[in-house]
Amino acid sequence: MGTYHHMQWRCPKAKKKFWTTCVSLNALSLACSLQFHQVIPDWKEQEWSSEKPQNYAGIFHFQFWRFGRWIDVVIDDRLPTLHNQLIYCHSNSKNELWCALVEKAYAKLSGCYEALDGGNTGDALVDFTGGVSEPIDLVEGGYANDEAKRTLLFERVLKVHNRGGLISCSIKVRRSGQ
């Protein structure tokens, strides 16, 4: 994550849209596309409205699945910036802040932003959906040299896909010298 000595916490200027239907991040995008209303309850009431600017409170309510139940997380609208730019998660559109707000809430749930560094997609999918995650290690499972195992794995993944399940993959980061 790094240390930012000149980091500032800034509130977005008025007339910014916090929520959109555009989904662009790994676990966040997969989970929110299916569980958007569970993770961000009452999202329309939390949105800034030009018709009712007095209703904007600068706080946001989220829910994440932990320990068998949905946990409420409330945050303010102050986001970490460096040189007037969001430091962590951000959209290409400067008027779209939902991903930075969800990330801040998830960081709060996890203890801090640094706790999100190098996180596990499977764990995040569970936190965002309340579902179940099943990791499959291709090396330990011996899939490289066993065509029958690869075929069964493909059929399994295809079955999950056809049933609308979430599928993600990742690789282990190797340090230099490995």
Side-chain angles (χ1 to χ4, degrees), residues 1 12 16-49 55-80 86-93 95-141 143 152-173:
M1 288 272 169
K16 296 238 180 185
K17 288 291 184 186
F18 292 99
W19 317 121
T20 69
T21 56
C22 178
V23 181
S24 61
L25 300 172
N26 193 2
L28 181 58
S29 67
L30 291 170
C32 282
S33 65
L34 296 174
Q35 294 289 106
F36 185 83
H37 298 290
Q38 180 66 50
V39 174
I40 309 171
D42 304 321
W43 67 273
K44 286 186 180 181
E45 285 78 26
Q46 298 185 64
E47 177 68 275
W48 184 88
S49 168
N55 288 354
Y56 179 73
I59 60 170
F60 296 91
H61 173 226
F62 299 89
Q63 292 182 323
F64 300 98
W65 185 259
R66 282 283 173 99
F67 311 115
R69 66 186 180 95
W70 290 100
I71 304 291
D72 288 314
V73 177
V74 177
I75 60 164
D76 61 29
D77 63 357
R78 295 169 43 114
L79 297 169
L86 290 171
I87 295 175
Y88 303 117
C89 182
H90 60 277
S91 169
N92 287 335
S93 169
N95 290 332
E96 185 178 287
L97 300 171
W98 71 270
C99 58
L101 292 166
V102 173
E103 180 187 44
K104 180 177 178 176
Y106 196 50
K108 180 177 179 179
L109 178 75
S110 302
C112 64
Y113 277 93
E114 191 171 14
L116 303 182
D117 190 22
N120 181 297
T121 302
D123 291 343
L125 285 173
V126 171
D127 292 341
F128 279 85
T129 66
V132 176
S133 174
E134 178 186 4
I136 300 171
D137 188 312
L138 300 178
V139 174
E140 288 179 14
Y143 292 93
L152 287 173
L153 176 63
F154 175 79
E155 290 171 0
R156 211 165 132 198
V157 170
L158 185 59
K159 187 177 185 180
V160 169
H161 171 72
N162 289 338
R163 292 181 175 176
L166 303 176
I167 301 169
S168 175
C169 64
S170 60
I171 60 172
K172 291 181 182 174
V173 176

Starting at [atom1] of [X], measure out to [atom2] of [Y] and round the result to the nearest 0.5 Å.
| X | Y | atom1 | atom2 | value |
| --- | --- | --- | --- | --- |
| Cys99 | Leu86 | SG | CG | 8.0 Å |
| Trp98 | Glu103 | CH2 | CD | 10.5 Å |
| Ile136 | Cys169 | CD1 | SG | 11.5 Å |

Tell me every residue that passes side chain to side chain contact (heavy atoms under 4.5 Å, CB included) with [X], counting only those two or more places apart in sequence or in another chain.
| X | value |
| --- | --- |
| Val160 | Ile167 |
| Val74 | Ile59, His61 |
| Asn92 | none |
| Glu155 | Thr151, Leu152 |

Exercise: identify the closest heavy-atom pair between [X] and [Y]:
| X | Y | result |
| --- | --- | --- |
| Pro80 | Tyr88 | CG-CD1, 3.9 Å |
| Val132 | Val126 | C-CG2, 4.2 Å |
| Ser110 | Ala115 | O-CB, 3.6 Å |
| Tyr143 | Leu153 | CE2-CB, 3.7 Å |
| Leu101 | Asp76 | CD2-O, 4.3 Å |
| Thr121 | Ser168 | CG2-OG, 3.1 Å |

Lys104 side chain to Asp77 main-chain N or O, any donor-acceptor pair under 3.5 Å?
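No.
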
Is the shortest side-chain heavy-atom distance between Ser133 and Leu125 below 4.5 Å?
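No, side chains not in contact.
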
Do Trp65 and Thr129 make a side-chain contact, defined as non-hydrogen atoms from C-beta onward lying under 4.5 Å apart?
no

For Glu134, give me all partners under side-chain hydrogen bond (donor to acceptor under 3.5 Å, both in side chains), at least two apart in sequence or on another chain.
Arg156

What residue pairs, at least two apart or across chains, pass salt bridge (charged side-chain N to carboxylate O under 4.0 Å, His left out) with a residue in residues 122-131?
Arg66-Asp127

According to the interplanar angle, ranging from 0 to 90°, do the rings of Phe62 and Phe60 count as parallel (below 30°), tilted (30 to 60°) or perpendicular (above 60°)?
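Phe62 vs Phe60 ring planes: tilted.
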
For Phe64 and Tyr106, take the angle between the two ring planes, folded into 0 to 90°, and tell me which bin it lands in: parallel under 30, tilted 30 to 60, perpendicular over 60.
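Tilted.
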
Step by step, work out the side chain to side chain contact (heavy atoms under 4.5 Å, CB included) result for Val102 and Phe128.
CA-CA 10 Å; Val102 173; Phe128 279 85; 3.5 Å; yes

